[in-house]
**Q** 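Take this structure first; my questions come after.
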Amino acid sequence: MSTTSSDPLVALGSLPGVPDAVDSVRKAVDRVYGHRVMRRRSTEVTAEAALRGARGSAALSGADWNLEEVRRRTDFSGEEEARTVGAALRLTAEAGQLLSIWRQSPLRVLARLHLVAAGGAAPDDAVGRPRFAAEPVEEPLIEAALPDANEVAGRLEGLSRLILAGSAAPALVTASIVHGELLALRPFGSHNGLVARTAERIVLIGSGLDPKSICPAEVGHAEQGRAAYVAAFEGYLSGKPEGMAAWIAHCGRAVELGVRESTAVCEALQRGAA
């Protein structure tokens, strides 16, 4: 993520194809927010988007459950897939509570997200802190080389400074970079993918692009498939302009697919079918 701009996120926003992705996302979000159902039943749409977003994020982490099974289940202990779905649901519920803290201390929020995701499943001294040297990392989808603990600490601090400084870059760009950087670092011993996608959600909500959290990018990431997700992420890892642009565009498409999902929910509510 090297650039000569004083605001690297703004520079990334001008890469070929990125302005079109940003514009497409903005128009899609505006359309769903303009739906007549949103005037009276936005809380229901938000709740359904949270459920579907959690299901999508869990699917990318290896627990690809049917939506109705996620809706029906009350016990998420036991087998690994159930714990993954439970972690995704807890994170989605927590995201909206952390917006003000994110603006003041992103690293504190990331620690909280890992604590919520782990839910007591990991050793207490490994929860809510970046991994130490030689500590193992469990991440079922991303197999890229792991940065060492010192690099993780330095890059997390750099990411925090970038967020705290603020940026004129579009929300999609900031959210994509936060998501990609956390996937690249995998700073915790577990649940890194879930945490990265929740951080993306927090940026999209807190930026004002999706203040009611009705555009679940996690749905779109899952719908595009695990292979496409990994391929786009490899573009981010490359650090090349075309790779970074491809990752941002992929994240933009994920938001648009999340919008499509919530538009369908709005239509169902309007018909009295949900």
Side-chain angles (χ1 to χ4, degrees), residues 47-98 109-131 135-144 146 175 178-205 213 216-233 250-251 254 257-258 261:
E48 191 65 21
L51 183 72
R52 296 178 186 222
R55 193 218 71 83
S57 192
L60 287 170
S61 287
D64 192 359
W65 285 17
N66 179 278
L67 179 63
E68 293 312 311
E69 174 65 12
V70 178
R71 196 191 305 279
R72 180 193 66 80
R73 182 76 76 96
T74 57
D75 182 6
F76 294 96
S77 60
E79 73 272 22
E80 183 176 351
E81 285 194 6
R83 293 197 302 272
T84 297
V85 175
L89 288 167
R90 291 192 299 273
L91 284 171
T92 302
E94 188 78 6
Q97 311 302 315
L98 298 172
V109 169
L110 294 176
R112 173 63 184 169
L113 292 177
H114 187 242
L115 181 68
V116 168
D124 289 347
D125 65 351
V127 172
R129 62 156 175 80
R131 54 187 166 83
E135 284 188 324
V137 173
E138 297 178 12
E139 177 51 52
L141 184 57
I142 304 302
E143 298 180 350
L146 281 168
V178 167
H179 183 172
E181 189 69 355
L182 291 173
L183 274 187
L185 296 178
R186 280 150 289 160
F188 303 110
S190 62
H191 303 98
N192 288 290
L194 294 175
V195 168
R197 291 184 288 275
T198 305
E200 178 186 48
R201 172 184 281 266
I202 288 171
V203 174
L204 293 172
I205 299 169
S213 192
E218 304 96 324
V219 167
H221 286 304
E223 186 171 334
Q224 291 178 90
R226 292 173 62 138
Y229 184 76
V230 171
F233 173 62
H250 181 88
C251 292
L257 290 169
E261 188 88 353

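Residue numbers count from 1 along this sequence.
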**Q** Do E200 and V178 come within less than 4.5 Å of each other through their side chains, counting heavy atoms only?
**A**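 Answer no - side chains too far apart.
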
**Q** How close do G53 and V219 get, heavy atom to heavy atom, and via which atoms?
**A**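 Minimum heavy-atom contact is N-CG2, 3.8 Å.
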
**Q** How far apart are the closest heavy atoms of S57 and E218, and which atoms are they?
**A**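 The pair with the smallest heavy-atom distance is N-CB, 3.8 Å.
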
**Q** Nearest 0.5 angstrom please: L194 CG to L89 CG, how far?
**A**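 With rounding to 0.5 Å, CG (L194) is 10.0 Å from CG (L89).
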
**Q** Looking only at side chains, do T84 and H191 share a donor and an acceptor under 3.5 Å apart?
**A**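 Distance-only check fails for T84 and H191.
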
**Q** Measure the spacing between CD of E138 and OG of S61 and express it to the nearest 0.5 Å.
**A**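 So the gap between those two atoms works out to 11.5 Å.
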
**Q** Got a salt bridge between R55 and E261, using NZ or NE/NH1/NH2 to carboxylate O under 4.0 Å?
**A**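 No.
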
**Q** Please confirm whether the backbone N or O of L183 pairs with a side-chain atom of R186, one donor and one acceptor, at under 3.5 Å?
**A**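 Yes.
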
**Q** From L98 CG over to R112 CZ, what is the distance, rounded to the nearest 0.5 angstrom?
**A**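 So the gap between those two atoms works out to 7.0 Å.
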
**Q** If you compare all heavy atoms of E81 against all heavy atoms of G62, which two are closest, and at what distance to 0.1 Å?
**A**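 So the two residues come closest at OE2-O, 3.4 Å.
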
**Q** Any heavy-atom pair between the side chains of L113 and F188 that's under 4.5 Å?
**A**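 Sidechains of L113 and F188: no contact.
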
**Q** Are R71 and E48 within salt-bridge range, i.e. N to O under 4.0 Å?
**A**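 Looking at E48 together with R71, the answer is yes, because their closest N to O distance falls below 4.0 Å.
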
**Q** If you count every heavy atom of other residues, nucleotides or ligands that lies below 6.0 Å from E68 atom CD, does the total exceed 12?
**A**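 Counting neighbours around CD of E68, more than 12 heavy atoms of other residues, nucleotides or ligands fall under 6.0 Å, so yes.
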
**Q** Passes side chain to side chain contact (heavy atoms under 4.5 Å, CB included), V127 versus H114? Steps please.
**A** CA-CA 7 Å; V127 172; H114 187 242; 4.2 Å; yes

**Q** Would you please classify the geometry between the Y229 ring and the H179 ring as parallel, tilted or perpendicular, with 30° and 60° separating the classes?
**A**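 Tilted: the ring planes of H179 and Y229 meet at 30° to 60°.
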
**Q** Checking T92 side chain against A88 main chain: does a donor-acceptor pair fall under 3.5 Å?
**A**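 Yes, T92 side chain to A88 backbone: donor-acceptor pair under 3.5 Å.
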
**Q** With distance as the sole test, does R83 use its side chain to make a donor-acceptor pair with the main-chain N or O of G78 at under 3.5 Å?
**A**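 Yes, because the side chain of R83 sits within donor-acceptor range (under 3.5 Å) of the backbone of G78.
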
**Q** Any salt bridge between R131 and E139, counting N to O under 4.0 Å?
**A**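 So R131 does not pair with E139 through a salt bridge.
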
**Q** In plain terms, say whether R73 and E69 are close enough for a salt bridge, that is, a side-chain N and a carboxylate O under 4.0 Å apart.
**A**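 Result for this pair is yes, salt bridge flagged.
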
**Q** Report the distance from atom CG of L185 to atom CD1 of I142, rounding to the nearest 0.5 Å.
**A**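 Nearest 0.5 Å value for the CG-CD1 distance: 12.5 Å.
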
**Q** Could you give the distance from CD (E135) to CG (L146), rounded to the nearest 0.5 Å?
**A**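 Between E135 CD and L146 CG, I get 12.0 Å after rounding to 0.5 Å.
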
**Q** How long is the gap from CG on L141 to CG on N192, to the nearest 0.5 Å?
**A**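 So the CG of L141 and the CG of N192 are separated by 11.5 Å.
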
**Q** Considering non-hydrogen atoms only, spot the tightest contact between A95 and T198 and give its length.
**A**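 Shortest heavy-atom contact: CB-CG2, 3.9 Å.
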
**Q** Counting N and O atoms only, with roles assigned by atom type, does the side chain of R90 sit under 3.5 Å from a partner on the main chain of V116, one being a donor and the other an acceptor?
**A**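 Indeed, once roles are kept as given, a pair shorter than 3.5 Å links the two residues.
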
**Q** Might you point out which heavy atoms bring I205 and S213 nearest each other, and give the distance in Å?
**A**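 So the minimum-distance heavy-atom pair works out to CD1-OG, 3.4 Å.
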
**Q** Please report the closest heavy-atom contact between V70 and L51, naming both atoms and the distance.
**A**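 Reported closest heavy-atom pair: CG1-CD1, 3.8 Å.
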
